[in-house]
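These numbers were taken from a predicted model, which means no experiment stands behind them. Values below: all heavy atoms of this structure, side chains included; hydrogens, waters and symmetry mates excluded. Sequence positions, counted from 1, serve as the residue numbers for this chain.
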Amino acid sequence: MSLALDIVTITAVSAGAFFFLAGTVGLLRFPDTLSRLHALTKADNVGLGLVVLGLLPQAGSLRGGFKLICVWLLVLAAGATVSQLIARAALASGAGGKRGHSTVRAARHDGPPT
């Protein structure tokens with residue numbers, strides 16, 4: 001049974017590391033702030049979720065597993081909040097992306113497009 005749990009841990013943590021790497025590549029390769037932010041936050045949330053899922057079988061107790069899940073939920077909430085603030089600041093400064101792009105207009109929430 002321990003070998004099966006070790007295999008699950010290695011697989012999930014490796015998949016999480018792959019998502020972290022993919023998010024970093026997206027951060028470096030995408031053209032504008034909003035698409036970079038999207039790639040980074042999505043990949044980091046999934047990557048951390050897989051790392052936590054992989055570490056849960058290795059947690060010594062129910063309390064340890066609960067702490068892992070709490071840390072993951074805290075990072076999810078903090079990531080969502082910070083990415084929202086960064087996106088609003090980028091849109092306000094005009095660095096969010098192309099001005100005529102429909103997602104920029106939809107994300108601004110300041111009325112119909114002109």
Nearest non-hydrogen partners of Ala59 and Gly64, listed with the distance: CB-C, 4.0 Å
Whether over 12 other heavy atoms sit under 6.0 Å from Leu62 CG: no
State plainly whether one hydrophobic cluster holds both Leu73 and Leu68, where clusters connect Ile, Leu, Val, Met, Phe, Trp and Tyr through side-chain heavy atoms under 4.5 angstrom apart. yes
Which heavy atom of Gln58 sits nearest a heavy atom of Leu5, and at what distance? NE2-O, 3.7 Å
Spacing of NE2 belonging to His38 relative to OG1 belonging to Thr33, to within rounding of 0.5 Å: 14.5 Å
Output for pair (Phe30 CZ, Asp32 CG), nearest 0.5 Å, gives 9.5 Å
Do Val51 and Trp72 share a hydrophobic cluster, counting only Ile, Leu, Val, Met, Phe, Trp and Tyr and linking them when any side-chain heavy atoms are less than 4.5 Å apart? yes
All heavy atoms of Gly54 vs all of Ala12, minimum pair found to be CA-CB, 3.5 Å
What's the spacing between Ile86 CD1 and Arg88 CZ if we round to 0.5 Å? 13.0 Å
Is there a side-chain contact between Arg36 and Leu28 in this structure, where contact means two heavy atoms from C-beta onward sitting under 4.5 Å apart? no
Any side-chain to backbone donor/acceptor pair from Thr9 onto Leu55? Under 3.5 Å, distance only. no
Can you hop from Val75 to Val52 via hydrophobic side chains spaced under 4.5 Å? yes
Side-chain contact test, heavy atoms from C-beta onward, threshold under 4.5 Å: evaluate it for Leu56 versus Ile69 and give yes or no. yes
Output the distance between atom CG (Leu40) and atom OG (Ser35), rounded to the nearest 0.5 Å. 11.0 Å
Have a look at Leu50 and tell me which of Phe20, Phe18, Phe19 forms a side chain to side chain contact (heavy atoms under 4.5 Å, CB included) with it. Phe19
Quick one, Leu34 and Leu91 - any side-chain contact, counting heavy atoms below 4.5 Å? yes
